[in-house]
There are 2 protein chains.
Amino acid sequence: MPAARRPAPSPTRRSPCPVAGALDLLGDKWTLLVVRDLFAGMKRYGEFAGGMEKIPTNLLADRLKRLTVAGLVTSSAYQDNPPRHEYALTPAGEALRPVMQELVNWGRRHLPGTMVRAEFTGNPADSPFLPAWIKLPGRRRK
Amino acid sequence: MPAARRPAPSPTRRSPCPVAGALDLLGDKWTLLVVRDLFAGMKRYGEFAGGMEKIPTNLLADRLKRLTVAGLVTSSAYQDNPPRHEYALTPAGEALRPVMQELVNWGRRHLPGTMVRAEFTGNPADSPFLPAWIKLPGRRRK
DNA sequence: ATTTATACTTGCAAAAAGCAAGCGACTTGT
DNA sequence: ACAAGTCGCTTGCTTTTTGCAAGTATAAAT
């Protein structure tokens, strides 16, 4: 093999830069939010769709699909009829945890109005990067 | 002040989540690439525009503007006529370094075809997160 | 049998991205 | 002196992506 200077910047890849590559996959307003929710333990479509940011359902379906083909997420059927499946992070998806963590650290320090659920502020161990407001059962209406 | 339960999710803010907040600002394909270039030492418009990802100039201008009003970047005039200025990261922008670093770590491990300039692979101290291929003067055409 | 729920898909309007060309204020070459 | 660049944007326009609302298929609940 004579010249393999640089991997061909595929149609889905602007450049060999790791940042550019990551952004080609994750660089939009929703993808990392569903990753966040996966880290927060969400597994089913309805959970993601019910989150407080109200992601449009067509985009949710699309993002789950893209993350799946990219190998960051698995979808495994938990029932056949109608076909339903659960989503989970693969190791490659799990590997985004430090990115998430740093993004959260940054947001907490530099974005005014950032909040975390009181339940979590106490012991960061429970929720390493504050899923917050992610609706946990009950605990509303006094 | 009676009830300040939660900071008003401003028009530019989908939710009080730090991840959502960060994504409202940085969640697109170009913004973090500009930040990367700033980390790599680029200062002038032409340098950013000349990068290998070929960002459209209208988007470059827009992103620099957005980052500036968001307080992540400063633009200071280095000459008056015609007015020209240099861009640099503020402390808040600098604070994105760990995010960048982790994004790079992730990309290097999980994106096939990711490359770093040979000059840098040796001593990570020089270039903490591999600007790579970012054109350094000369060194082309044999 | 009718209603309700879940997990999507589809259609369409609005917003953002991308491309090329233009423009003002110099600078450089001849 | 004057034409031809260069630099840092802006403008106009087409294409793509987003966001919203409504629809669909299957099944459980009433």
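The chains referred to below are lettered A, B, ... by the order of the sequence lines, with proteins before strands, and numbering in each begins at 1.
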Does Gly93(A) offer a backbone N or O that forms a donor-acceptor pair with the side chain of Trp106(B) under 3.5 Å? no
Just by distance, do the side chain of Thr114(B) and the backbone of Pro18(A) share a donor-acceptor pair under 3.5 Å? no
Honestly, is Arg63(B) close enough over Phe48(B), meaning NZ or CZ under 6.0 Å from the six-membered ring centre and within 45° of the axis? no
In whole angstrom, what separates [X]'s [atom1] from [N]'s [atom2]?
| X | N | atom1 | atom2 | value |
| --- | --- | --- | --- | --- |
| Leu60(B) | dG18(C) | CG | P | 13 Å |
| Leu64(B) | dC9(D) | CG | C1' | 11 Å |
| Glu47(B) | dT6(D) | CD | P | 17 Å |
| Met42(A) | dT6(C) | CE | P | 14 Å |
| Gln79(B) | dC9(D) | CD | P | 11 Å |
| Leu59(A) | dA21(D) | CG | P | 14 Å |
| Asp62(A) | dA7(C) | CG | P | 18 Å |
| Asp28(B) | dT17(D) | CG | P | 14 Å |

Report which part of the nucleic acid Tyr87(B) touches: base, sugar-phosphate, or nothing (heavy-atom distance under 4.0 Å, all strands). sugar-phosphate
At under 4.0 Å between heavy atoms, what does Lys65(B) touch on the DNA or RNA strands: base, sugar-phosphate, or nothing? sugar-phosphate
Given dT10(D), dA7(C), dA25(C), identify the nucleotide with an atom nearest to the side chain of Arg44(A). dA7(C)
Among dC19(C), dG8(D), dC20(D), the one nearest Tyr45(B) by side-chain distance: dG8(D)
Taking the nucleotide of DNA chain D with the closest heavy atom to each, which residue, Pro82(A) or Thr57(A), is nearer the 5' end? Thr57(A)
Presence of [X] side-chain N/O under 4.0 Å of [N] phosphate oxygens OP1/OP2:
| X | N | result |
| --- | --- | --- |
| Trp30(B) | dG18(C) | yes |
| His85(A) | dC8(C) | yes |
| Tyr78(A) | dA7(C) | yes |
| Arg63(A) | dT18(D) | yes |

Working to the nearest 0.5 Å, report the span between CG of Leu103(B) and CG of Leu96(A). 8.0 Å
When you match Asn58(A) and Arg84(A) each to their closest nucleotide on DNA chain C, which lands nearer the 5' end? Arg84(A)
Does the side chain of Tyr45(B) reach to within under 4.5 Å of the side chain of Arg84(B), using non-hydrogen atoms? no
